[in-house]
Each structure stands twice: as structure tokens, then as C-alpha cells.
2 protein chains.
Amino acid sequence: MAKLSGLSVSTVSRVINNKPHVSEAKRQRVQEAMDALGYSPLQAARQMRGSGSGNVAVVVPTITNNFFAHLVDSIERTCSKYAYRTLIIQTYGERAGEEEALNLLRMQHADGAILCAIENQWELIRKFTQYGRLVACNEYNEDHEISMICGRQYEGFQKATEYLLGKGHQRIAYCTGAKALVLQPKGLNIDSDRYRGFIETLSKAGKSADPDQMFTRIHTMEDGKRVMKKILNLSLQERPDAVIAGSDEVAAGMVIEGLANGIRIPEDIAILGVDDQPLASCIQIPLTTIRQPIAQEGEYAAKEMIRQLRDGAEDTIRKELDLELVIRQSA
Amino acid sequence: MAKLSGLSVSTVSRVINNKPHVSEAKRQRVQEAMDALGYSPLQAARQMRGSGSGNVAVVVPTITNNFFAHLVDSIERTCSKYAYRTLIIQTYGERAGEEEALNLLRMQHADGAILCAIENQWELIRKFTQYGRLVACNEYNEDHEISMICGRQYEGFQKATEYLLGKGHQRIAYCTGAKALVLQPKGLNIDSDRYRGFIETLSKAGKSADPDQMFTRIHTMEDGKRVMKKILNLSLQERPDAVIAGSDEVAAGMVIEGLANGIRIPEDIAILGVDDQPLASCIQIPLTTIRQPIAQEGEYAAKEMIRQLRDGAEDTIRKELDLELVIRQSA
DNA sequence: TTGTACGCGTTATCAA
DNA sequence: TTGATAACGCGTACAA
């Protein structure tokens, strides 16, 4: 035993774990020895005895996206507060990346994974629940088999659409990062909920969306510029007078490209972002945007993970947070 | 033994570690059994036998800053390529945060740490070299006791200053995130090297810097706006005709505040950023900026860490990368 | 080529 | 209140 404080392993173990049945005198002696040797228990050995690794994996598409950077920040802050370390895994939108992350659970490098990007079918992901805890953050999980934290996308997009309609806009274009426009029952899919919030509000107002002005797979500022170019090629009759961009980055691209072509924003075309990234308030025309409560989402997700890990909670929760419409100039 | 493939532990171990002295037949049988059971060796047990944790800690002030997000991205990419996991630690500019990270080494949660933000004195940090490998990334280390990867700050700022002087600017203001303007011998401190590159180029041209127009502790876009306000309060005689901002964020703040006050950029005041963040090219007046080779820095730092960890390299290296002046509109 | 036995640091159990 | 001992999964020295 490396703890040559002159006492037995069990006494030392009891002191470390604050267990009873140790005299104050011995407790002192052990403490002193620990301080003197700069000793600290080895997690690896503990893990072999059944306690976990103390690591939480957080899975995001990429951390260079400001939205996810803030999410990771919030998760890391919370985990570290509860003495859990944060392992970061980027998927880059690839299924393989996500599988790699899930394998961390199987290999017991992490006790749980917070999924902020779901690439694979639930079929595949489910298999890994036997190895560790999973929490979905800013993502839905169809079968409600794992806890999830997300924003009320439907209501947020509803609010935004109502706002645009209230401003008198007639033809509203729609951009999304999704690969296709899908409509599933509410609460199953984040993209579907957003689209549903938009399109159902439109129909309630007796309007409908023009299929030619629904753009999919739109992610970056460059994508936004491209879409704006397409829009500007349309005749004035066809041209939308408002756009719900899929993110602030896309919105920023559209604003920049629009201004460069002499379009007035919001007078000619109103542009509405999503996320409320720092970028949103600092471009030429500050963005009106649907604010996602990123910090809260991350904190709740991390706390839920810790609840399951540390407190051994077996039940799953579903926490929904309100989105807020932040009104600036672009719409 | 959990490996109930019907063979002995050592045979299994030999297969797992690709060691010789195993017949092809047995090797096959073990492989099959492993696949069938979805078995994978437990790192925790290996660690007890002396191999490391397989984790690399990466220490940044905050990941929400785009610069560091890209650095972490690049490091994580590289580490994962070599089967190392990336633990993220944010210091928020606090010494305590850095110590916490270094303690990961002591507790053997990580085999090494890549320091992208050095908060404490080297005196303190040195103590932790006994517990694991350290690599400084985008930071200098005074005593050259650990490997470091960084940009040639002096030359970069020299180039930028020469550029501004070449444009005929007479009074150049200077912003830095550092707590004070320090001048140390070249190669010891990143802030000092930058400042030296600026000020020495100035003197070579027979000019000097106005102490009243050297701003310290300038980090954020808000800080940039504040500095611009101060500058606009000066009389036209005193007012600088160019500014080297400490970062693109600061530069962006200055551009926005300047434009809002009717200043023409770069005609009235030229503004030069640092980093070349995505932000730089998308604000109203695209930023001329000193580009840091972030992706390369991160990759080199990670590779150096792996060289030390996996290959057991004991020597330290010092890799310096060129900074590039990206010329857009703001200067 | 193959298998056995031991020890790494920790916790749980049981005996003193 | 204490301490001795077994067990976790792995790698390795050594024996077969």
C-alpha cells in the first residue's frame, strides 16, 4: 500500500470516503500524510470497483458553431461544478462521429453522453443505453426513452410567424438546415416542430407557403448569401417580402447579400434569424431573431445527467423551455 | 476471467495487444469471441498497469470565444485521430481554473494538458510537470522547459505596423487584452512580443506611440465600442488615424461605434483586427486583420502532445508559425 | 505456443 | 474502532 502513513488501507479508505468508525486521531494522521504526499485517490482503481469514470461526453456537430460552443460552455460549467469532467466529441454531421461517441460509453470512458446532435436512427442509439445514460439536449427523442431538454420550437416559430403576419407580410420564405421538409406529429422532431409552427400559423391566417420558397440544407452564412441571390433573381411579384432563416448565420448572410444589392431591410425584405447569437446584434442591420435559451438548456441537460449518474435516478424527464422573440431591426 | 472464449487470459491479452507467439487459429477464435460479446478492454484496468488514461486536457479561457473554439476543434480532431480523448477545461481567466486543470494531471485523469491560456506563474505550473506532459499552445513559456507552438507575434505586428505606416498613418493607437504593457526580451511573452513588434517598428520609422492611446484590458466588442467613444472625444489633432485592435471582436466593436458616429473607415480612422475570425469578413466594413494560423497551431500542439505521450519523447520543441496580414477594407 | 500467478489501488466484507 | 483479505480486469514474468 502506497499510503505509508503507517495505517491500514481500510482506515485510509474510510477517511477518504468520510465513512464513520474512525477515531479523530487517526483521521488527522491520514489527512496529514495525504497532504504531505500530495496524494489523491486514483479514479481508475475506483472505476474497477464499480464507480464510474466521472466523465460525461458531450456530442455536438461542431464546436466552432457559436450556438454549440455556448451549449458546451454551459454543460461544462455545470458538470465541473459537480466534479464531473467533460469529454468533447464532434460529429461534423456524420453518423460515424456519433457512433464513436456512443462507443465511449461501451468502453466505459464516459458514464453518460449528452447528445446535442442526433445523427443516427434511434434503433442504433438505443443499443447503447445499456452501457450508460443518455440525455438529449436541443434534440427530440421519438420514443421518450431518454430524458430530453429542448425549446418549445413550435410555439417559438408560431410566435415569429404571427409577428411577421402582423407586420403585414404576405409571402414568407423559409430556410432550414434539415435535409428535407418533414411533418411528423408534434414533439417528435425539432425540424418538424419548427416547420409545423410556421406552416400551421400561416394556414390559420388563410395563407400558405410557396413550395418554391422553402429552402433546405441551409447552414452557413454562404448558404444564406446563395439563397438571397436566388430570391433576388425572382420577379417582384414572386419575390418573398420576408424570410425566416434557419439560423442567425444564415440570416446574416442574407442581410449582407441583400444590402450589397441595394435591398432595404426590413422594408423590402424582412429577415428573421434563429438563436440570438452574439453575431445577431453586431451586423449592419441588427437581427430580429428567435432566441434559444442555450445556457439554460445546457445547464438543465447537465443537471439531469448528474441526477441520473450521481443520484441513480431511473426515470426520464422532458423539460421544455420557452423561446423568446427578440425584436431588433431586420424584421 | 470475463473472456469466456475458452482460452486463457494471457492468450486473449496477446491478441488484443497484437503480440507475437499466438497461433493464427487461436487468434481467430479470440477475435470471434470478442466480436460476439461486444467486448473491449477496460481502460481503467490498463491504467492501473501503467498505461495512461488516454485523455488529453485542453485548457482555454473560454470556449465561447471563436478563436478558442477553433483551437479546440483543431486539437480535438487531431487527438481523436490518434485515439486520444479530449477533456475540456475553461479557466475564465482565473488562476483557480488553471490549477483545476493541472490537478487533472495529478489525479491521472489526463496524461497531458495543452495550455492555451496561462494564468499562473511558471513556478506553480512547473510542479505539475512531474505528473504529466505539458504543451503550451499560442502561449509562451519563459524557461523553455515545455514544448510550445505559437505564432511569430513580433513579426506579425511588425508587418501590420509597417503596412499602416506605408498607408501614411501618423498616429497609431494600440489595444491589448493584457493587464499592462510589458516589455520583456523577445520570445518570453506573447503580449510583450506583439507590443514590441509594434513599438519598435514605429521607432525605426522615427515615430513613437502616444502613451494616452495605448489601451489595456480590452477584450470584448463592448470594450471596443468604449475605446472608440474615448477616441471620438479627443480633438482632431490628438485623435489617432489608425488603431491596432487586440482582436477582431474589439475591432468590430470599434467599427460599429465609429460608423454610428459618422466616422469613415478607413479614411478617417483605419482599424486593424487580429485573428481573422469569421466575424472579420462579415461586418459592414470587412476587417483588415492579422491572421493567426489557428488550425495549424492546434494540430501541431496536439501532435506534439501525442509525440510525447505515445512515442515517449523527452525532448521539447518550439514551433513558430507565420502570421499573415489579410487586407480587406478597414485598414 | 500456451497457461498460471501476481500486483496495480480501491472498496466491501468479515474478523478481531 | 481497526485491520486483514478478496475481488475488480489487465499486463507481464515465468513456468510448462
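Throughout, protein chains are lettered first and strands after them, A, B, ... in sequence-line order, and every chain is numbered starting at 1.
The residue A:P41 sits close only to the backbone: its heavy atoms come under 4.0 Å of sugar-phosphate atoms, none of a base.
Side chain of A:Q47 to main chain of A:Q108: a donor-acceptor pair is present (N/O by atom type, distance under 3.5 Å, no hydrogens or angles).
If you take NZ of B:K19 and C1' of C:dT2, they are 15 Å apart, rounded to a whole angstrom. In this entry the distance linking CE of A:M48 with C1' of C:dT11 reads 12 Å, nearest Å. In this structure, B:M34 atom CE and D:dG9 atom C1' are separated by 14 Å, rounded to whole Å. One interatomic measurement links the two molecules: CD of B:Q47 to C1' of D:dC8, which rounds to 15 Å at whole-angstrom precision. Atom-to-atom, NE2 of A:H21 to C1' of C:dT13 comes out at 13 Å; the value is rounded to the nearest Å. Regarding B:E24, its CD atom lies at a distance of 11 Å from the P atom of C:dT1, rounded to whole Å. D:dG9 atom C1' lies 16 Å from atom CD of A:Q43, rounded to whole Å. When the C1' atom of C:dG9 is taken as reference, atom OH of A:Y39 falls 7 Å away, rounded to whole Å.
For A:S10 against D:dG3, a side-chain N or O and a base N or O form a donor-acceptor pair under 3.5 Å. Looking at A:R49, its side chain has no donor and acceptor atom pair within 3.5 Å of the base of C:dA12. On a pure distance criterion of 3.5 Å, no polar donor-acceptor pair joins the side chain of B:S8 and the base of C:dT4.
A:K319 and A:E304 are not joined by a salt bridge, as no carboxylate oxygen comes within less than 4.0 angstrom of a charged side-chain nitrogen. We find that A:D111 and A:R85 are not joined by a salt bridge, their nearest charged nitrogen and carboxylate oxygen being 4.0 Å or further apart. Comment: A:K303 engages A:E299 in a salt bridge, judged by a side-chain N to carboxylate O separation of less than 4.0 angstrom.
Out of D:dG9, D:dT1, C:dG9, the shortest distance to the side chain of B:L42 is found at D:dG9. Distance from the side chain of A:V22 is smallest for D:dT2 among the nucleotides D:dT5, D:dT2, D:dG9. Among D:dG11, C:dG9, C:dT2, the nucleotide with an atom closest to any side-chain atom of B:N17 is D:dG11. Side chain of A:R46, nearest nucleotide from C:dA5, C:dT2, C:dT11: C:dT11.
For B:A44 and B:R14, each mapped to the nucleotide of DNA chain D holding its nearest heavy atom, the one lying further toward the 5' end belongs to B:A44.
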Worked verdict on B:E98 versus B:N120 for side-chain hydrogen bond (donor to acceptor under 3.5 Å, both in side chains): CA-CA 7 Å; B:E98 183 172 70; B:N120 289 278; 2.6 Å; yes
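A sub-4.0 Å separation between OP1 or OP2 of D:dT2 and a side-chain N or O of A:S23 is present. OP1 or OP2 of D:dG3 lies within a sub-4.0 Å distance of a side-chain N or O belonging to A:T11.
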